[in-house]
Amino acid sequence: MQLHLVEPIDYVGHSGILQVRSLQLALNNALAAEDWDQVRRLDQSCAMIIDKVICANEGNAKAIAEALNELKGVYASLIVQCKREVASMAH
């Protein structure tokens with residue numbers, strides 16, 4: 001008998017994409033709030049989630065590409081916002 005305190009997360013197919021979207025939403029919210037500690041924590045967990053999605057979807061390049069394609073927009077926004085922050089510090 002195994003004891004599970006929480007249900008295991010499914011990273012296969014659409015479920016994996018939903019996990020990445022959840023991370024994407026959390027990152028966007030943290031960016032909008034300029035909560036840099038939360039952005040840092042989410043960024044650190046991003047690699048782990050992407051790893052799990054890739055491993056769970058071996059042979060399903062479409063699911064992997066969809067998950068990564070959506071996430072790259074968040075990082076593009078992060079880069080733009082960081083550049084703005086740096087520019088505001090310089091003035």
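Given the structure is predicted, the values throughout are model-derived calculations rather than measurements. Only heavy atoms go into these numbers, but all of them, side chains included; no hydrogens, no water, no symmetry mates.
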Ignoring hydrogens and angles, write down the donor-acceptor pairs under 3.5 Å from the side chains of residues 52-59, residues two or more places apart or on other chains.
| from | atom 1 | to | atom 2 | distance (Å) |
| --- | --- | --- | --- | --- |
| N57 | OD1 | G13 | N | 2.6 |
| N57 | ND2 | Y11 | O | 2.8 |
| N57 | ND2 | V53 | O | 2.7 |

(message) Assigning hydrophobic clusters by single linkage (Ile, Leu, Val, Met, Phe, Trp, Tyr; side-chain heavy-atom cutoff under 4.5 Å), is L68 placed with L42?
(response) yes
(request) Enter the distance from R40:CZ to S45:OG here, rounded to the nearest 0.5 Å. (result) 11.0 Å
(message) I need the L27 CG to Y75 OH distance, nearest 0.5 Å.
(response) 5.5 Å
(request) Output the distance between atom OG (S88) and atom NZ (K83), rounded to the nearest 0.5 Å. (result) 14.5 Å
(request) Give, for atom CD of E85 and atom CG of L78, the distance between the pair rounded to the nearest 0.5 Å. (result) 10.5 Å
(request) For the residue pair K72 and N69, establish whether any side-chain heavy-atom pair is separated by less than 4.5 Å. (result) yes
(message) Are I9 and L25 linked, directly or through intermediate hydrophobic residues, by side-chain heavy-atom contacts shorter than 4.5 Å (ILVMFWY only)?
(response) no
(request) Give a yes-or-no answer on whether the side chains of Q81 and R84 include a donor-acceptor pair shorter than 3.5 Å. (result) no
Contacts table for residues 14-23: side-chain donor-acceptor under 3.5 angstrom, sequence neighbours left out:
| from | atom 1 | to | atom 2 | distance (Å) |
| --- | --- | --- | --- | --- |
| S15 | OG | D10 | OD2 | 3.4 |
| R21 | NE | E70 | OE1 | 2.8 |
| R21 | NE | E70 | OE2 | 3.3 |
| R21 | NH2 | E66 | OE2 | 3.3 |
| R21 | NH2 | E70 | OE2 | 2.8 |

